[in-house]
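Structure first, then comments.
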Amino acid sequence: MMNWIRERRAGYGLHAVGVDEAPTLRVEQVTKQYAGHTAKAPVQVLAPVDLTLEPGSFTTILGPSGCGKSTLLQIMAGLVAPTDGTISLDGRAVQGPQPELLYLFQQYSLSLFPWRTVLQNVAFGVESRGRRSAETLDECRSLIERVGLKGYEGHYPWQLSGGMQQRVAIARALVARPKILLMDEPFSAVDALTREELQDELLGIWQEYDLTIVFVTHDFEEAIYLSQEIVVLKAHPGAIVEKRAVPIAYPRNQLHTRASEAYLALRHDLHELIFSLKKKPGAGVPVGAP
Ligand SMILES: Nc1ncnc2c1ncn2[C@@H]1O[C@H](COP(=O)(O)OP(=O)(O)OP(=O)(O)O)[C@@H](O)[C@H]1O
């Protein structure tokens with residue numbers, strides 16, 4: 001596997017990318033309370049959550065709407081402060097955004113600059129880290145090719161489909177050389193076929209770049225297809241109710257994997273679990289409520 005990955009990297013001139021191992025990301029006893037809108041008391045969105053993301057792992061956080069998936073991911077990214085508990089990278093506490101961690105917002109297309117071309121948008125990923133040069137522009141071009149957009153370097157986001165815009169956002173993320181990619185429902189707004197294409201692209205990129213990926217979705221089929229481990233959250237307050245390893249080897253295949261016994265058995269279990277957890281979305285539980 002590793003030889004195959006190195007050959008593909010070399011083919012794109014990307015020797016330096018993702019070579020260093022990602023740090024271990026640890027979530028320990030993390031809770032979150034938000035100020036209540038209607039209730040006077042603050043609302044407990046996350047109960048204590050513990051999670052360890054090993055280098056190179058692909059983990060999906062799955063749960064019903066409003067259970068706190070995005071909040072947990074934003075806390076991991078250092079974008080939102082936990083009320084209690086700690087996030088650490090190889091034992092170093094994370095307070096605020098870190099260069100190793102890259103958070104991809106749910107609405108990728110809105111995160112692109114409409115006045116910048118595809119190449120200029122991707123180049124922003126290096127400019128924002130202060131290392132733009134002729135060499136990095138070549139790296140941007142290689143990544144644009146890697147995500148299947150060769151020939152579109154001079155196009156503007158509004159000239160691209162939703163799926164293509166997401167590919168631009170992924171290339172821009174990769175050029176920043178993150179070790180850990182935190183993705184919040186990235187494929188929820190595209191059609192089913194594009195979604196499958198993007199899932200396969202993402203799996204290829206994950207392996208090629210030795211990334212750790214934490215992926216949020218409420219779609220249990222997407223969770224099974226992509227990940228090594230699925231962490232199921234319940235709502236009110238958000239808390240981990242189950243961690244399931246996905247006993248399916250890579251590379252995965254949209255037709256064969258989804259027809260395999262292991263996939264169907266896990267799909268059945270998760271379907272049952274998610275439906276049992278599904279509650280009407282609400283504003284959460286005021287702290288101190290029974
Ligand atoms: N900044 C905020 N201030 C107050 N409440 C918030 C804030 N952000 C999120 N919440 C509340 O926290 C709860 C969890 O929200 P979050 O977006 O993390 O859930 P989610 O599982 O990602 O939902 P979805 O799948 O619908 O995106 C919700 O009840 C939401 O209203």
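Atoms within a ligand are numbered from 1 in the order they appear, just like the ligands themselves.
- In this structure, T217 OG1 and K69 NZ are separated by 8.0 Å, a value rounded to the nearest 0.5 Å.
- Take H268 and apply the ring pair (Phe, Tyr, Trp, His ring centres under 6.0 Å) test, not counting sequence neighbours, and it matches no residue.
- At a threshold of 4.5 Å between non-hydrogen side-chain atoms, the residues L174 and I170 count as touching.
- For a threshold of 3.5 Å applied to N or O pairs, the pair formed by V45 and ligand 1 contains no separation below that value.
- Using a 30° and 60° split on the angle between ring planes, F58 and F215 fall in the tilted class, from 30° to 60°.
- Residue-to-ligand polar distances place C67 within reach of ligand 1: an N/O pair is separated by less than 3.5 Å.
- Among the atoms of H218, none of the N or O lies under 3.5 angstrom from an N or O of ligand 1.
- Listed by chain and number, the hydrophobic cluster partners of W158 are Y156, where partners are ILVMFWY side chains within reach of under 4.5 Å, directly or through others.
- Below 4.0 Å from some heavy atom of T71 lie the following atoms of ligand 1, by number and element: 15 (O), 16 (P), 18 (O).
- Atom numbering of ligand 1 starts at 1 in the shown order; those under 4.0 Å from a heavy atom of E185 are 25 (O), 27 (O).
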